[in-house]
Q: 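Starting off with a structure, shown below.
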Amino acid sequence: MKKDQLILGIETSCDETAAAVIKNGTEILSNVVASQIESHKRFGGVVPEIASRHHVEQITIVLEEALLQAGVTYEDLDAIAVTEGPGLVGALLIGVNAAKAVAFAHGIPLVGTHHIAGHIYANRLVQEIQYPALSLVVSGGHTELVLLEEPGSFKVIGETRDDAAGEAYDKVARTLGLPYPGGPHIDRLAQEGSPSLKLPRAWLDGSYDFSFSGLKSAVINSLHNAEQRGEKIDPKDLAASFQASVIEVLVTKAVKAAKEYDVKQVLLAGGVAANKGLREALTEAFMDLPMDISIPPLYLCTDNAAMIGAAASVMFEKGKRSGLDLNGNPGLDLEVF
């Protein structure tokens, strides 16, 4: 009988310190996340230096808790997986150095892992991925369409040219005076409002790329112009109109790409995958299409280490190993990592 594969995943790319133990790339034995949202909320965004200090304080505690919950020791592990990039360089270094220390001390193979690959393979913790697959990645720093022709293969067919969708959400939320992180607040308001305001859609004809900078500016200008006229725009309607514009572009391009590349499955991934409006629109759009749609549960959408373990399992089986010279790489390329 084949021995179960156990991988300890570590994630510290931004403002969550996370560790998880994953069995055979598909089963979560533990998934521990220490969030820093309260520390960064008063600044309206993540402060890199503060994030790094929190990671230093939490990393050992989180690692011990992940092993304890999983009921395993370091000697039981087949590999240590860690987010190599992209992310905040100071934050990445905490996780990378912790992973290298554990790998060296216990003689365990090390697997540097791409953060976005983790978000994509979070879907594998729900159901096995059918290839070829298409992933719509929507997060604070990334908006991409990624084609997976086979396990561990990533081809970016569309990406953001300026603001990512999550970035635009946070900036619009700040303009409306909503707290950080702004995405969930915009989503909640949008459910209560009407998409009655005319806002632009950047289609970038002939391309699967995205652009949300113009939309963000249009929202801000609408608010300022109304204020100068002594008028007031209902924040609920503005949120609904903004979200409708973002979702229409995301879903339309995902459907077009899925048909063109004749994929078997479409995967939603990234922090904005938790957005209720996007989840509903994507589900509806693919309801009558022949490809399967996979949308991870909310706890696997935001940054976590279970997704890193799931992605690393695929790379580990393909023979990927990292040396003890592994470094944090904030600009790590998904297609070549």
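Count residues from 1 along the sequence.
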Q: Between Asp4 and Lys23, does any NZ, NE, NH1 or NH2 come within less than 4.0 Å of an OD or OE carboxylate oxygen?
A: yes

Q: Any pair with a residue in residues 235-283 that passes ring-ring contact (aromatic ring centres under 6.0 Å, His included), sequence neighbours left out, goes on the list, sorted by first then second residue, please.
A: Tyr169-Phe242

Q: Without swapping roles, check the side chain of Thr12 against the backbone of Ala91 for a donor-acceptor pair under 3.5 Å.
A: yes

Q: Where is the tightest heavy-atom contact between Lys253 and Phe210, given as atom of each residue plus distance?
A: CD-CE2, 3.8 Å

Q: Just by modelled atom types, is the Thr160 backbone N or O under 3.5 Å from a matching donor or acceptor in the Thr143 side chain?
A: no

Q: Between Leu268 and Ile186, is there a shared hydrophobic cluster once you connect ILVMFWY residues whose side-chain heavy atoms come closer than 4.5 Å?
A: yes

Q: Quick one: closest heavy-atom pair of Leu176 and Pro235, and the distance?
A: CD2-CB, 4.3 Å

Q: Are Leu6 and Val314 connected into the same hydrophobic cluster when the rule is that any two of I, L, V, M, F, W, Y join if their side-chain heavy atoms are below 4.5 Å apart?
A: no

Q: Do Met315 and Phe337 pass the side-chain contact (heavy atoms from CB on, under 4.5 Å) test, and can you show the C-alpha distance, the side-chain angles, and the key distance before you say yes or no?
A: CA-CA 10 Å; Met315 307 311 295; Phe337 98 97; 4.0 Å; yes

Q: Please determine if Asp325 and Lys100 form a salt bridge, counting it only when a charged side-chain N lies under 4.0 Å from a carboxylate O.
A: no

Q: When you look at CD of Glu227, are more than 12 heavy atoms from neighbouring residues, nucleotides or ligands closer to it than 6.0 Å?
A: no

Q: Using a side-chain heavy atom cutoff under 4.5 Å and only I, L, V, M, F, W and Y, what cluster partners does Ile50 have?
A: Phe43, Val47

Q: According to a hydrophobic-cluster definition based on side-chain heavy atoms being under 4.5 Å apart (Ile, Leu, Val, Met, Phe, Trp, Tyr only), do Val33 and Ile308 belong together?
A: no

Q: Return the minimal non-hydrogen interatomic distance between Ile129 and Leu267, and the atom names on each side.
A: CD1-CD1, 4.0 Å

Q: With a 3.5 Å distance limit and no angle check, can you tell me whether Arg279 reaches the backbone of Pro296 through a side-chain donor-acceptor pair?
A: yes

Q: How many angstroms lie between atom CG of Leu136 and atom CD1 of Ile293, to the nearest 0.5 angstrom?
A: 8.5 Å

Q: Quick check against the 3.5 Å criterion: does Asn97 have a side-chain atom that pairs as donor or acceptor with the backbone of Ile94?
A: no

Q: Take atom CZ in Phe104; do more than 12 heavy atoms of anything else shown fall under 6.0 Å from it?
A: no

Q: Any donor-acceptor pair under 3.5 Å linking the side chain of Asp76 with the backbone of Val72?
A: no

Q: May I ask you to check whether over 12 heavy atoms, not counting those of Glu284, lie within 6.0 Å of atom CD?
A: no

Q: Apply side-chain contact (heavy atoms from CB on, under 4.5 Å) to Val138 and Leu278, showing your working.
A: CA-CA 10 Å; Val138 197; Leu278 177 58; 4.2 Å; yes

Q: Counting N and O atoms only, with roles assigned by atom type, does the side chain of Thr83 sit under 3.5 Å from a partner on the main chain of Gly85, one being a donor and the other an acceptor?
A: no

Q: Shared ILVMFWY cluster between Leu134 and Ile247, side chains joined below 4.5 angstrom?
A: yes

Q: Let's go through Lys216 and Asp162 carefully: what are the C-alpha distance in whole Å and the side-chain angles of both, what is the deciding distance for salt bridge (charged side-chain N to carboxylate O under 4.0 Å, His left out) to 0.1 Å, and is it a yes or a no?
A: CA-CA 11 Å; Lys216 171 206 66 184; Asp162 40 58; over 6 Å; no

Q: Ignoring hydrogens and angles, tell me if any N or O in the side chain of Asp170 forms a donor-acceptor pair with the backbone of Ala173 under 3.5 Å.
A: no

Q: Locate the shortest heavy-atom distance separating Leu215 from Pro200; write the atom from each residue and the value.
A: CD1-O, 3.8 Å

Q: Should Arg124 and Glu128 count as an ion pair when the cut-off is N to O under 4.0 Å?
A: yes

Q: Do Asp187 and Gln191 have side-chain N/O donor and acceptor atoms under 3.5 Å apart?
A: yes

Q: Can you confirm whether Lys276 is buried at NZ, in the sense that more than 12 heavy atoms of other residues, nucleotides or ligands lie under 6.0 Å from that atom?
A: no

Q: Indicate whether the side chain of Gln243 and that of Ser245 have a donor and an acceptor atom separated by less than 3.5 Å.
A: no

Q: Residues sharing Leu125's hydrophobic cluster, by side-chain heavy-atom contacts under 4.5 Å among ILVMFWY, directly or via others?
A: Ile22, Ile28, Val126, Tyr299, Leu300

Q: Looking at Ser322 and Gly112, would you say the former's side chain and the latter's main chain have a donor-acceptor pair under 3.5 Å?
A: yes

Q: Would you call Lys171 and Asp163 a salt bridge, taking side-chain N to carboxylate O under 4.0 Å as the test?
A: yes

Q: Just by modelled atom types, is the Leu332 backbone N or O under 3.5 Å from a matching donor or acceptor in the His114 side chain?
A: yes

Q: When you group the ILVMFWY residues by side-chain heavy-atom contacts below 4.5 Å and let the links chain together, are Val263 and Ile295 in the same group?
A: yes

Q: Do His115 and Glu11 pair up side chain to side chain, a donor and an acceptor below 3.5 Å, judged on atom types alone?
A: yes

Q: Without swapping roles, check the side chain of Gln265 against the backbone of Gln130 for a donor-acceptor pair under 3.5 Å.
A: yes

Q: Can a salt bridge be assigned to the pair Lys155 and Glu335 using a cut-off of 4.0 Å between side-chain N and carboxylate O?
A: no

